[in-house]
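Okay, so here's the structure we're looking at.
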Amino acid sequence: MLDLYGVEITSRLFLGTARYPSPKILADAVRTSRTEIVTVSLRRETAGGKAGGSFLDLIAALGVRILPNTAGCHSVREAVTTAQMAREIFQTNWVKLEVIGHHDTLQPDVFALVEAARILSEDGFEVFPYTTDDLVVAERLVEAGCKVLMPWCAPIGSAMGPVNLPALRAMRAHFAEIPLIVDAGLGRPSHAAAVMELGYEAVLLNTAVANASDPVTMAGAFADAIEAGRAGFKAGLLEPRDMAVSSTPVIGKAVFS
């Protein structure tokens, strides 16, 4: 069981809700993924008048918990205002905090991120910050009040998978008591399994599922991979060795002259 700000969650897959081919495919993918939490952008909800209300009705019918995000925000003020509006609309103190600093890589502006996290935490929000794998930035986010961290493993939507496994491993070791959720850059189920094998608590996906040829099947594949990776971590993975080690015992072996 995963504890996030006092809420117990069974599924370790969080699913984004953007860019699916149709509402039905989105709904089917959510169900197949077995997720209990979906991220929703305030811009998605408020754009298009009645369409926003229909979208929220669709999500509500799925019986999952909503994690609003501040996607597309590029300043502290914009992110804080968006989070406050999202709290009113979605009736939750949870917020996935994004403050983008680079247009091409969509890398977080870590300075603005820490400031926005501090403001929102003091305002009663329970913040899920989208950050880099930098340990110092992560420390500042924890000091700002974050009880969950969401480091990237590659730029958003890149599907590159974990490009810096040593950094992710170091973050896991450094923040042993804090839930870590890999957010952004995963492209294949094997990528998700790899980060879960490091001991991460969960994975957040959107593009890899929504843009697949068959989003529903891909959602199930990621769900299975995440469970397998978590099970492998808990079972105790065999670390790489510098030489071969025989798996067949020599004692008791027949000797022929």
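For this chain, numbers begin at 1 and follow the sequence in order. Excluded from the calculations below are hydrogen atoms, water molecules and symmetry mates; all remaining heavy atoms, backbone and side chain alike, are included.
- Counting heavy atoms from C-beta outward, Thr131 and Met150 have side chains that stay 4.5 Å or more apart.
- For the pair Val137/Phe111, no side-chain contact is recorded, criterion being any heavy-atom separation below 4.5 Å from C-beta on.
- The heavy-atom pair separating Thr39 from Gly16 by the smallest distance is OG1-CA, 3.2 Å.
- No side-chain heavy atom of Phe128 sits less than 4.5 Å from a side-chain heavy atom of Leu204.
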Side-chain polar contacts of residues 89-101 - donor-acceptor pairs under 3.5 angstrom, sequence neighbours left out - could you list them?
residue : atom : partner : partner atom : Å
Gln91   : NE2  : Glu88   : O            : 2.7
Thr92   : OG1  : Trp94   : N            : 3.1
Trp94   : NE1  : Glu126  : OE1          : 3.0
Lys96   : NZ   : Glu98   : OE2          : 3.0
Lys96   : NZ   : Asp183  : OD2          : 3.0

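- Atom CG of Leu186 sits about 10.5 Å away from atom OG1 of Thr207, to the nearest 0.5 Å.
- Linking Ile, Leu, Val, Met, Phe, Trp and Tyr residues whenever their side-chain heavy atoms come within less than 4.5 Å leaves Leu165 and Val163 in two separate clusters.
- Here the closest heavy-atom approach between residue Val127 and residue Tyr5 is recorded as O-OH, 2.6 Å.
- Asn69 places a side-chain N or O within 3.5 Å of a backbone atom of Ala71 that can act as its donor or acceptor partner.
- Taking CG of Asn211 as the start and CZ of Arg19 as the end, the distance is 7.0 Å to the nearest 0.5 Å.
- Counting heavy atoms from C-beta on, the side chains of Leu67 and Val40 never come closer than 4.5 Å.
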Listed pairs under 3.5 Å, donor-acceptor, residues 26-38 side chains, sequence neighbours left out:
residue : atom : partner : partner atom : Å
Asp28   : OD2  : Lys24   : NZ           : 2.7
Thr32   : OG1  : Asp28   : O            : 2.8
Ser33   : OG   : Ala29   : O            : 3.4
Ser33   : OG   : Val30   : O            : 2.8
Ser33   : OG   : Thr35   : N            : 3.2
Arg34   : NH2  : Asp224  : OD1          : 3.0
Arg34   : NH2  : Glu227  : OE2          : 3.3
Thr35   : OG1  : Leu13   : O            : 2.5
Thr35   : OG1  : Ile37   : N            : 3.2
Thr35   : OG1  : Ile37   : O            : 2.9
Glu36   : OE1  : Thr10   : N            : 3.4
Glu36   : OE2  : Thr10   : N            : 2.9
Glu36   : OE2  : Ser11   : N            : 2.6

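- Other residues, nucleotides and ligands place no more than 12 heavy atoms under 6.0 Å from the CE atom of Met243.
- In this structure, Ala212 and Met218 approach most closely via the heavy-atom pair CB-CB, 3.9 Å.
- Here the side chains of Pro162 and His191 are in contact, with some heavy-atom distance below 4.5 Å.
- Residues passing the salt bridge (charged side-chain N to carboxylate O under 4.0 Å, His left out) test with Arg118, sequence neighbours excluded: none.
- From Asp109, atom CG reaches atom CG of Leu113 across 8.0 Å, with rounding to the nearest 0.5 Å.
- Between the CG atom in Leu180 and the CE atom in Met171 there is a gap of 6.5 Å [rounded to 0.5 Å].
- Legend: residues meeting ring-ring contact (aromatic ring centres under 6.0 Å, His included) with His102, ordered by chain and number and at least two apart, are absent.
- In the hydrophobic cluster analysis, where Ile, Leu, Val, Met, Phe, Trp and Tyr join through side-chain heavy atoms closer than 4.5 angstrom, Leu198 is grouped apart from Leu237.
- Considering only heavy atoms from C-beta on, Leu15 stays 4.5 Å or farther from Asn206 through its side chain.
- Summarising the geometry of His174 relative to Glu139, their closest heavy-atom pair is NE2-OE2, 2.6 Å, with the distance given to 0.1 Å.
- With hydrogens and angles ignored, the 3.5 Å screen pairs a side-chain donor or acceptor of Ser22 with a backbone N or O of Ile25.
- Note: the hydrophobic cluster containing Ile156 does not contain Tyr20 (ILVMFWY, side chain heavy atoms under 4.5 Å, direct or indirect links).
- At a threshold of 4.5 Å between side-chain heavy atoms, the hydrophobic network of Ile, Leu, Val, Met, Phe, Trp and Tyr places Val182 and Leu149 in one connected group.
- With contacts defined as side-chain heavy-atom distances shorter than 4.5 Å, the pair Glu197/Lys234 does not qualify.
- Thr132 approaches Pro108 most closely through the heavy-atom pair CG2-CD, 4.0 Å.
- Atom OG of residue Ser41 and atom CZ of residue Phe55 lie 9.0 Å apart, to the nearest 0.5 angstrom.
- Applying the salt bridge (charged side-chain N to carboxylate O under 4.0 Å, His left out) test to Asp214 and every residue at least two apart in sequence or in another chain returns nothing.
- Among residues two or more places apart in sequence or in another chain, the side chain to side chain donor-acceptor pair (under 3.5 Å) test is passed with Asn164 by none.
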Legend entry - Criterion side chain to side chain contact (heavy atoms under 4.5 Å, CB included) on Tyr130 and Thr70, from CA distance to verdict: CA-CA 10 Å; Tyr130 163 61; Thr70 61; over 6 Å; no

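- Atoms CD1 and CG, from Ile181 and Leu4 in turn, are 5.0 Å apart once rounded to the nearest 0.5 Å.
- The aromatic ring centroids of Tyr200 and Phe233 lie 6.0 Å or more from each other.
- The closest donor-acceptor contact from the side chain of Thr81 to the backbone of Arg77 lies under 3.5 Å.
- With salt bridges taken as basic N to acidic carboxylate O contacts below 4.0 Å, none links Glu177 and Lys147.
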Inset, instruction - Decide side chain to side chain contact (heavy atoms under 4.5 Å, CB included) for Arg12 and Ile9; before the verdict, give the C-alpha distance in whole Å, the side-chain angles of both, and the deciding distance to 0.1 Å. - result: CA-CA 8 Å; Arg12 294 178 182 271; Ile9 304 297; over 6 Å; no

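- The backbone N or O of Met196 lies less than 3.5 Å from no partner atom in the side chain of Arg230, so there is not a single donor-acceptor pair.
- A continuous path of hydrophobic side-chain contacts links Val64 to Val203 [ILVMFWY only; heavy atoms under 4.5 Å].
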Inset, instruction - Mind running salt bridge (charged side-chain N to carboxylate O under 4.0 Å, His left out) on Glu201 and Arg172 for me, showing each step along the way? - result: CA-CA 10 Å; Glu201 271 75 21; Arg172 176 67 286 171; 2.5 Å; yes

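- Heavy atoms only, all atoms of each residue included: Cys146 and Ser121 are closest at N-OG, 4.3 Å.
- The environment of CZ in Arg169 is crowded: more than 12 heavy-atom neighbours from other residues, nucleotides or ligands sit within 6.0 Å.
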